[in-house]
Structure formats: structure tokens, C-alpha cells
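Comments concern the structure below.
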Amino acid sequence: MSICTGRDLLATTLLQNTPSSVQLVMPSICLMESLSALENEQKYRRRFENELNLQISQLRRDRTSSHARSMLALLMESKTENEQLLAEIKMRLYQAINQISEKAELIALTPAIIQDGLTISLIDQDYTDNLILHCILHQARSYPTETKVFLSSNERDFGTPEVQAALRNVGITNYFSSTQVLLNWLQSQQSEEDI
């Protein structure tokens with residue numbers, strides 16, 4: 001969702017220009033979480049549009065105030081921008097999902113992952129993120145000798161000491177909360193190899 005909401009400008013760059021030395025891996029449940037977030041965004045945008053429609057209706061009744069006419073024009077423009085923003089978010093999400101499906105290995109939910117997600121709570125109060133974490137931990141255990149890093153802007157859930165310790169225990173030694181920091185790290189790794 002950080003790609004489609006414009007919060008992480010470089011995430012698109014990473015997807016479009018993934019270095020050949022990097023393999024992207026992502027829990028498939030993240031795609032479902034993104035689609036659910038899109039549904040929530042649509043609900044929010046519809047509520048906002050309904051409020052705009054109410055205000056527009058009220059302003060149309062005032063036939064004398066220049067302020068009402070000016071505000072009516074601005075709200076009509078806001079309504080159009082709201083619709084266009086939602087369409088843009090949806091388009092960016094679909095593009096990101098398409099790119100991920102082409103470039104990333106998707107971690108499927110297995111019975112073992114589901115059981116761990118239900119019985120081992122490393123992220124309290126966010127059951128989806130806890131399940132996502134267990135997908136990552138299971139996948140990382142399958143590749144004990146590979147260099148593994150973790151990227152998520154969700155520092156509140158994934159940046160806790162408990163989660164960081166669990167990641168280190170499966171060989172994920174670097175956690176990045178922004179794509180910029182990850183790209184800087186990749187660049188430094190490349191520079192060290194060139195030396």
C-alpha cells in the first residue's frame with residue numbers, strides 16, 4: 001500500500017529495477033492485506049464523497065452568497081479530485097501487484113505457518129501482521145546460508161525488540177524501514193564487492 005498511496009516513492013523503483021543480485025520474497029497474504037486496505041480506502045473515499053454531496057446540496061440552496069458559490073465550486077472540484085485520487089490509488093495498487101507477481105517469490109500459507117501464527121504471538125493485537133511475520137520466519141529458515149534482509153515501513157509492529165530478535169534467529173540480520181535505506185545498503189554491498 002505504501003506504493004499506491006505514494007508514501008514510499010522508491011519502492012516502485014525497486015520493483016521496476018530490482019538488482020539481479022536480489023531476490024524479492026513476499027508473503028502472499030500481503031497481497032490480500034493490500035486489497036483489503038484498498039477496500040477500506042474506497043469506503044473512506046465514499047464517506048467523504050457523501051459528506052461533500054451533503055455540503056454541495058446545502059450550498060446550492062444559497063442563491064445570494066458569493067462565498068457559497070465559491071465554496072460550491074471548490075467542493076465540486078474536491079469531489080472530482082477525490083474520485084481521481086481513488087482511481088489512481090487503485091491503478092497503482094494493481095500495477096504493483098502485477099509487478100510483484102512477476103518478480104517476487106510469494107510465500108504461500110501452509111498449515112504449519114497458520115498454526116504458528118495462531119499459537120505464537122510475536123505481534124500483539126495485529127493478527128494479520130503476526131501471520132505475515134510467521135510466513136517470513138518459515139521462509140527464512142528454508143534458506144539458512146542466504147543473506148536475508150527485511151523491508152517494511154511498519155516499524156510499530158516489525159521494529160519491536162521481540163520481532164527483531166525472531167528475525168535475527170532465522171538469519172535476517174538487517175531490517176530496513178524505508179526503501180531508500182535498503183537501496184543505500186545494497187549500494188554499499190555492491191561497492192564492497194567491487195573492492
Side-chain angles (χ1 to χ4, degrees), residues 1-42 89-183 185-186 189:
M1 279 303 287
S2 61
I3 291 174
C4 42
T5 57
R7 290 182 294 210
D8 190 346
L9 302 175
L10 293 176
T12 301
T13 302
L14 178 62
L15 272 178
Q16 291 173 346
N17 303 306
T18 307
S20 59
S21 61
V22 172
Q23 179 173 353
L24 301 175
V25 180
M26 186 173 101
S28 59
I29 193 173
C30 292
L31 298 177
M32 292 303 299
E33 185 182 40
S34 294
L35 292 171
S36 291
L38 176 61
E39 289 174 4
N40 289 335
E41 184 69 19
Q42 288 173 321
I89 289 170
K90 184 177 177 181
M91 182 218 33
R92 285 189 288 195
L93 177 62
Y94 285 7
Q95 285 177 342
I97 288 173
N98 187 49
Q99 289 174 326
I100 288 166
S101 70
E102 291 174 355
K103 293 191 174 199
E105 176 184 344
L106 296 175
I107 305 168
L109 283 175
T110 64
I113 292 170
I114 293 169
Q115 287 302 310
D116 282 354
L118 293 173
T119 59
I120 304 169
S121 181
L122 295 169
I123 300 175
D124 292 330
Q125 306 302 316
D126 193 327
Y127 306 110
T128 302
D129 283 346
N130 191 59
L131 189 56
I132 288 169
L133 177 61
H134 284 286
C135 287
I136 293 162
L137 297 175
H138 274 257
Q139 178 74 7
R141 283 186 203 107
S142 301
Y143 298 92
T145 61
E146 300 288 329
T147 300
K148 298 173 284 290
V149 300
F150 181 62
L151 169 65
S152 174
S153 61
N154 183 353
E155 291 179 88
R156 180 179 53 90
D157 290 329
F158 295 111
T160 66
E162 297 82 14
V163 170
Q164 292 300 301
L167 291 170
R168 280 190 303 277
N169 287 340
V170 295
I172 300 174
T173 55
N174 290 300
Y175 165 68
F176 300 105
S177 60
S178 77
T179 305
Q180 178 66 61
V181 176
L182 170 64
L183 291 173
W185 179 82
L186 286 171
Q189 296 300 301

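Side chains included, hydrogens not; waters and symmetry mates left out as well; all remaining heavy atoms used. One is the number of the first residue; the rest follow in order along the sequence.
- Atom CG of L35 and atom CG of L93 lie 5.5 Å apart (nearest 0.5 Å).
- Taking CG of L10 as the reference point, atom OG of S178 lies at 8.0 Å (rounded to 0.5 Å).
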Let me see the working for I113 and Q139 under side chain to side chain contact (heavy atoms under 4.5 Å, CB included), right down to the final yes or no. CA-CA 10 Å; I113 292 170; Q139 178 74 7; over 6 Å; no
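- Distance CG/L182 to CG/L14: 6.0 Å, rounded to 0.5 Å.
- When side chains are defined from C-beta on, S101 counts as touching N98, because their heavy atoms get closer than 4.5 Å.
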Let's go through L122 and H134 carefully: what are the C-alpha distance in whole Å and the side-chain angles of both, what is the deciding distance for side chain to side chain contact (heavy atoms under 4.5 Å, CB included) to 0.1 Å, and is it a yes or a no? CA-CA 9 Å; L122 295 169; H134 284 286; 4.0 Å; yes
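- Between the CD1 atom in I132 and the CG atom in D126 there is a gap of 7.5 Å [rounded to 0.5 Å].
- Proximity of a side-chain donor or acceptor of K148 to a complementary backbone N or O of R141 within less than 3.5 Å is not detected.
- Proximity of I136 to L167: side-chain heavy atoms (C-beta onward) are separated by under 4.5 Å at one or more points.
- Note: E41 CD to S34 OG = 12.5 Å, rounded to the nearest 0.5 Å.
- Put simply, the side chain of M26 reaches to within 4.5 Å of the side chain of L31, judged on heavy atoms.
- Considering S177, S153, S152 in turn, S152 is the only one that fulfils the side chain to side chain contact (heavy atoms under 4.5 Å, CB included) rule with F158.
- Closest approach of N130 to G117, counting heavy atoms only: ND2-O, 2.9 Å.
- Side-chain atoms of L24 and L15, non-hydrogen and from C-beta on, do get closer than 4.5 Å to each other.
- Looking at V163 and D157, their side chains never come closer than 4.5 Å, going by heavy atoms from C-beta outward.
- A heavy-atom distance below 4.5 Å is not found between the side chains of V170 and H138.
- The two residues S28 and A108 make their nearest non-hydrogen contact at OG-CA, 3.8 Å.
- Applying the 6.0 Å contact sphere to CE of M32 captures no more than 12 heavy atoms from other residues, nucleotides or ligands.
- Taking the six-membered ring where tryptophan is involved, the planes of W185 and F176 are tilted, since the angle between them lies from 30° to 60°.
- Contact check for T179 versus L183: side-chain heavy atoms found under the 4.5 Å cut-off.
- No side-chain heavy atom of V149 sits under 4.5 Å from any side-chain heavy atom of L186.
- When all heavy atoms of I172 and A140 are compared, the pair lying nearest together is CD1-CB, 3.9 Å.
- Between the side chains of E146 and Q23, no donor-acceptor pair of N or O atoms lies under 3.5 Å.
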Residues D116, L137; criterion side chain to side chain contact (heavy atoms under 4.5 Å, CB included); working and verdict: CA-CA 10 Å; D116 282 354; L137 297 175; over 6 Å; no
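- Within a 6.0 Å sphere centred on CD of Q125, other residues, nucleotides and ligands contribute 12 heavy atoms or fewer.
- Of the inter-residue distances, the one linking E39 atom CD with K90 atom NZ reads 10.5 Å to the nearest 0.5 angstrom.
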